[in-house]
Amino acid sequence: MLERLAEVDWQSLSHAYGDASDVPDMIRALASPQATIRNQAWENLFNSVRHQGTIYDATPEVVPFLIELLKCDSLPDKAEFLKQLFRYSPDFENWMPYYSSHPKRAPPFEIPTRQSMDDGFDVYLPLLNDPDSVVRRRAARLLTLCFSRRDQVASVLRNQIAAEPVAHDRAAMALLLAVLNRIEDKAFFAELSVHEPTALVRLTAAMACVHLEQSAVPEHVLLIIEQLAANDSQLFAQLPQEEGNFATQEFVIDSALDKLLENGTAGAGLLKLLLESTSTEVRKLALKRGLTIARQIPAAMEAVSRLLDESDANFRGNVAFHLGDLAIVAIFKAKIRKDREAYAILERELNNTAPIAVDALASRLTIEEDVHVRGKICRALKYLALWALGSTTALGAVASRESDARAAIEFIEGLNSSNAVTVYRIAMHSEDKLAWMGERKLITLGISNATSVVSLLIGGLTETPSIAESCANILGALGQNSRSAKTALEGMLNHSSEGVRTAARDAIKAIE
């Protein structure tokens, strides 16, 4: 065992702390009968050859010896060994072979490290018959990293799901099968969601169906999930979770929940069920994934806002934080796509639902005793300032004690003023969710008072590229109200920044 360690010129290889001549002793220590020695060896080895996510030229040389140790029947604590081995796989999101035909460019030594993990297939496979269910589950998880054998791994996992005696592990195997992202497995999951005797596995299979669905969520699958959630409000908290990076079951669960909770009124119904669960973990999950549907549907927003009355202060603070972030993902996506229509849709949605969140936050602020929660509520109201003018009374009541309240009042009043200079400064804010509100208000002011607003924006075209681009975008949104800016915009067509040039070009088209 490990005889080939001496054949590698470790001194010529490197890791985070210099040459890799100390690696062989670390690898040998992994087989020590003493847990303290093994644990220290794992820590030392990982910090050396996978330090802060980096892959070194020594890393692909280490993995084959880890797999060789795994073959040893006398290896102590095999379940822990499998957990640690998984950490040596390069980060799944850097190259998503199951989800993209255009993988990101791999950093140096990543491909050989991946290949080394892949080469362990024949070693991981027999461990699916291990008497320890944790070993079986972690071996299955390693199999999902054998990218070159995707179809073979899928066949193995389907058979394992049928044979696995432990229901929770059947559910875990189902999620691992879904990670492979094979449309061919939808029929298998559909069958499992109907005929599996255990509710948890039925739910997992239905979630896997949703994850693999490329169009609308099928009505019968949504019905299965709603019925299971209604029958057992804690069931979602029992969905398998595993430690590690992106290639985990949580990816499938999050993907499915996002699709379910964006499913119009049906998604709002499921969100309500999850928010009313007796499980704190399920309510947290619903809060985290359900803001998109809550932003669109007032009844869903009311259900989310009621969580501000939770008895746990940390949970209340979490709710306030998420309400403050109500629009940030949508703002970010619209900004990346430079999509004015998406901004307009977002504003219409928030006009219907943000006031509900503001009222709930302001009401809670008047009775909230926890100083940390009060701070989060104040910050959330600031981030919803466009709809929060009526909350300044509640903020004023705590302003003597809370600097966050004073900052929120100043921001809310500034944003809702008719002072174009004040609103312009907000529109140029470095924080996207604050700048977006300033932009919306500035557009409103520009329609009624084009001269002063357009003058400010023309001046902004000479500022930093990010400010110039924002000013050009706002001028474009003002359309013909910005006619006087056309010459200045034409002068930006030769700007060194591509973003500024594009924004200026689009603004000129909108004006014309």
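Here the structure is a predicted model, which is why all the values come from computation and not from measurement.
In this structure, R87 satisfies the cation-pi test against F46, with its NZ or CZ atom closer than 6.0 Å to the six-membered ring centre and inside 45 degrees of the ring normal. Geometrically, R141 engages F86 in a cation-pi contact defined by less than 6.0 Å to the ring centre and at most 45° from the axis.
With sequence neighbours left out, D151 forms a salt bridge (Lys or Arg N to Asp or Glu O under 4.0 Å) with R182. Remark: H372 pairs with D370 by the side-chain contact (heavy atoms from CB on, under 4.5 Å) rule, at least two apart or across chains. Qualifying side-chain contact (heavy atoms from CB on, under 4.5 Å) partners for D9, counting only residues two or more places apart in sequence or in other chains: Q11, S12. With sequence neighbours excluded, the residues satisfying salt bridge (Lys or Arg N to Asp or Glu O under 4.0 Å) with E213 are K186. Annotation: ring pair (Phe, Tyr, Trp, His ring centres under 6.0 Å) contacts of H51 (sequence neighbours excluded): Y17. In terms of the salt bridge (Lys or Arg N to Asp or Glu O under 4.0 Å) criterion, residue partners of R364 (sequence neighbours excluded) are, by chain and number, D309, E368.
Between the side chain of T366 and the main chain of S363, a donor-acceptor pair closer than 3.5 Å is present.
Under the 3.5 Å distance criterion, with hydrogens and angles disregarded, no donor-acceptor pair is assigned to the side chains of D19 and S14. Side-chain contact check for N44 and Q40: at least one donor-acceptor pair (N or O, by modelled atom type) lies under 3.5 Å. A donor-acceptor contact closer than 3.5 angstrom links the side chains of E196 and T198.
For the pair A20 and P24, the tightest heavy-atom approach, listed with the atom from each and the gap, is O-CD, 3.8 Å. Closest approach of C146 and D118 over heavy atoms only: C-OD2, 3.4 Å. Shortest non-hydrogen contact noted between Q296 and P298 is O-CD, 3.9 Å.
Ring centroids of F189 and H211 are separated by 6.0 Å or more, keeping the two rings apart. Less than 6.0 angstrom separates the ring centroid of Y99 from the ring centroid of F251.
The existence of a salt bridge linking R283 and E276 is excluded, since no basic side-chain nitrogen approaches an acidic carboxylate oxygen closer than 4.0 Å. Between R289 and D258 there is a salt bridge, with a side-chain nitrogen of the basic residue lying less than 4.0 Å from a carboxylate oxygen of the acidic one. The pair R170-E164 does not meet the salt-bridge criterion, since no charged nitrogen lies less than 4.0 angstrom from a carboxylate oxygen.
Checking each of R374, K382, R379 against E402 for a salt bridge (Lys or Arg N to Asp or Glu O under 4.0 Å) leaves exactly one that passes, namely R374.
L128 has its side chain within reach of V156: a pair of non-hydrogen atoms, C-beta onward, lies under 4.5 Å apart. P240 places a side-chain heavy atom less than 4.5 Å from the side chain of H168.
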